[in-house]
Amino acid sequence: MSDTLTNRATPDAATQLDIYRRMIRIERNDDLTRQQIRRGRITAPYYSARGQECIPSAISVLLNDDDKICTIYRGIHDMVAKDMPLRPLWAEICGRVDGTCKGKGGPMHLTHPETGVMVTTGIVGSSMPIANGFGWAALLDGTKQVTVAYFGDGASNIGAFHEALNLASVWKLPVIFVCQNNGFAEHTRYENGTSVDLIAKRAAGYGMPGYTVDGNDPLDVYAHAHAAIERARAGEGPTLLECKTFRFMGHVFGDNDAYMTKEEKAAAIEADPLPRFRQKLIDDGVASAEDLDALTARIEAEVNDAIDFAMACEFPSDDELRRDVFAEEIAAKEIYA
Amino acid sequence: MSTDTLEAPVIETVKMNGLQAINAALFEAMEADPKVLVLGEDIADNEGGGVVGVTRGLSSKFGTLRVRSTPISEQAIMGAAIGAAMAGYKPVAEIMLMNFTTVAMDMIVNHAAKLRFMSGGQSQVPLVIRTLTGAGNQTAGQHADFYEAWFAHTAGIKVVIPWTPADMKGLYLSAIQDPDPVIIIESGKTLFVPMDVPVNQGPIPLGKANVVMPGTDLTIVSYGQMMFTVMQAVEELTAAGVSVEVVDLRTISPWDKETVLTSAEKTGRLLVVHEAGRNFGPGAEIAATAQEALFGKLKAPVGRLGAPYCAVPFAKKLEDAYLVQPPEIVAEAKRLAAMG
């Protein structure tokens with residue numbers, strides 16, 4: 001059994017709307033990214049997180065700007081949820097010099113410290129050990145800062161996961177380990193690669209709470225993230241959240257997703273958390289349909305502006321190959337001919 | 001090994017070995033800068049202050065939040081060091097033995113070395129990786145390897161292998177304040193042989209080789225504990241009338257091309273001696289660079305001595321055969337000196 005949450009926090013109306021705003025921001029951004037790839041306007045490997053919107057959205061409303069995230073190649077939704085500005089994000093996706101990483105990281109490796117996006121790694125499982133370092137720094141600094149390490153279900157089978165959870169627990173680090181369990185490690189079905197039925201059970205082996213959360217229910221994610229963040233800020237140590245979800249677009253966009261059945265994919269898309277949460281907000285009187293349509297239109301305009309901005313940016317000059325290897329720019333040029 | 005081969009005339013010195021010198025460097029750095037941290041297996045005083053005692057006394061003085069013993073989890077050690085470094089700290093992470101860096105290669109190579117570049121300069125990873133290795137103690141194939149070429153081949157990480165205790169202190173002081181990741185390889189018996197260290201030994205810049213002794217017939221470049229072997233050979237060569245200029249490289253990457261090439265051009269002959277395997281070893285890089293820069297100016301092809309293509313063996317007899325020994329250096333130096 002994974003642990004059961006006893007004291008469930010509920011987001012107020014404004015917070016629910018903010019969660020929805022972040023979800024729509026992810027969805028519009030994702031949809032338009034895929035559109036740009038289909039139209040041949042950008043060439044980039046793209047790992048869509050369509051279907052996983054509500055996990056980082058319901059977590060990010062609980063995070064401050066200076067709280068940090070370490071995420072993975074399928075993590076653009078985590079950044080968008082953390083309110084990373086879209087212009088530099090898009091410039092990076094397009095490999096332009098005005099991108100967050102001057103075009104040297106690309107869509108799998110964005111960094112934006114101003115919004116707490118510290119590391120985006122292309123190596124499965126590597127977000128977790130590094131997140132611990134930010135947690136250690138927060139203890140040394142005496143802040144209440146927390147770090148969220150995002151990863152997928154496949155990453156819970158790599159050694160780094162086990163080493164990181166053990167160390168975080170021994171050191172009581174303010175780190176939240178958030179597994180976005182979409183049921184597939186690349187093309188491998190969950191049960192063919194993972195020894196336990198619930199990843200949250202693994203928390204018991206590391207002496208920390210572990211919760212299995214409905215990753216398609218923003219209120220469930222919020223309640224569990226709230227408890228985990230409170231615990232971390234109170235100096236009580238890390239928590240493992242397993243948020244169960246489904247990715248609609250396969251592993252890498254454009255892949256042949258023969259490894260999933262048509263039925264399960266159709267059922268997942270049918271249960272799309274976005275329209276469901278929208279309807280709930282309307283039913284609960286949190287917002288009107290018109291308000292939400294206007295929000296969507298505003299966000300779509302923001303994404304389109306970012307795309308236009310990125311397309312107009314320059315590509316980096318070849319000099320960039322010699323820069324940022326070390327702090328001294330000359331080092332790479334003069335010492336390593 | 002006599003102590004009169006130290007580079008500079010020293011006014012006031014104290015005898016200490018390498019581990020005392022590193023210990024002193026860590027104390028000074030931690031005292032001067034509250035951002036300096038130390039972590040690794042068994043490094044705090046409760047756990048003995050490190051496998052050979054390099055970190056002894058640090059946790060008692062600076063507390064276990066800054067001087068943290070870790071589980072046996074090399075990926076977790078490097079990850080915590082990387083994150084803390086990116087958050088503004090200067091961690092010194094011990095990977096007990098160099099062979100164990102292989103367990104943490106993802107963190108070192110994919111993350112520590114590349115995050116500055118891949119983030120377009122936004123991320124800084126100012127960490128020091130301390131690790132120990134070297135054949136000669138019958139620890140066999142998984143406790144004695146030199147992998148400096150792996151790290152030197154990876155863009156974004158500096159590689160240092162000091163020989164003398166004075167250099168250790170000075171290079172550590174520089175490495176800790178360096179804004180980029182630096183791996184310092186503590187080379188076998190260099191930790192245990194006492195030599196003179198200037199009382200106020202300050203930082204020694206990374207990337208600068210040391211001309212240990214001047215000569216005219218041949219340049220020998222080496223580093224780490226192999227310097228002891230080279231110096232033995234040089235005594236014999238000197239007695240035989242071969243004048244050798246000895247260069248201790250100290251930093252493997254970025255290596256001091258200027259000093260090495262200037263010396264090789266002056267003597268006309270170059271021999272590189274290292275403990276790592278000869279195949280694809282640092283000697284290949286140095287020899288190729290010398291050939292490119294000094295084609296037509298050298299009197300002999302560049303010589304390379306290193307370990308054979310095998311794992312480090314256990315049996316003492318085999319281990320002695322594995323390591324480059326003074327007679328091999330003497331023979332190769334004489335062969336080169338006779339050419340041209």
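So that the names make sense, note that chain A is the first sequence line, chain B the second, and so on, each numbered from 1.
Considering OG1 of B:T70 and CG of A:L167, their distance stands at 7.0 Å, rounded to 0.5 Å. Put simply, CZ on A:F326 and CG on B:D178 are 8.0 Å apart, with the number rounded to the nearest 0.5 Å.
For B:M107, the part lying near chain A is the side chain, with the backbone staying farther off; criterion is any non-hydrogen pair under 4.5 Å. Within the 4.5 angstrom heavy-atom criterion, only backbone atoms of A:E320 (N, CA, C, O) approach chain B. Residue contact with chain A, scored on non-hydrogen atoms closer than 4.5 Å, involves the backbone of B:E74 exclusively. Proximity to chain A is limited to the side chain of B:K35, based on heavy atoms less than 4.5 angstrom apart. For B:S123, the part lying near chain A is the side chain, with the backbone staying farther off; criterion is any non-hydrogen pair under 4.5 Å. For A:E114, the part sitting under 4.5 Å from any heavy atom of chain B is the side chain, from C-beta outward, and nothing else. For chain A, the nearby part of B:S69 is the backbone; its heavy atoms alone come within less than 4.5 Å.
The environment of A:N64 atom CG is dense: over 12 non-hydrogen atoms of other residues, nucleotides or ligands sit within 6.0 angstrom. Other residues, nucleotides and ligands contribute at most 12 non-hydrogen atoms within 6.0 Å of the CD1 atom of B:I72.
A 4.5 Å side-chain heavy-atom check between A:P129 and B:M78 finds every atom pair outside the cut-off. Looking at heavy atoms from C-beta onward, A:F134 lies out of side-chain contact with B:I82 at the 4.5 angstrom threshold. Looking at B:M118 and A:T111, their side chains never come closer than 4.5 Å, going by heavy atoms from C-beta outward. Here the side chains of B:Q122 and A:D324 are not in contact, with every heavy-atom distance at 4.5 Å or above.
Ionic pairing of A:E328 and B:R116 is not present here: no N-O contact between side-chain nitrogen and carboxylate oxygen is shorter than 4.0 angstrom.
Counting all heavy atoms, side chain and backbone alike, A:L321 lies closest to B:F117 at O-CE1, 3.6 Å.
The choice from A:D141, A:L110, A:L139 that makes the most heavy-atom pairs within less than 4.5 Å of chain B is A:D141. For the set A:T100, A:V97, A:N132, the entry with the most heavy-atom pairs within less than 4.5 Å of chain B is A:T100.
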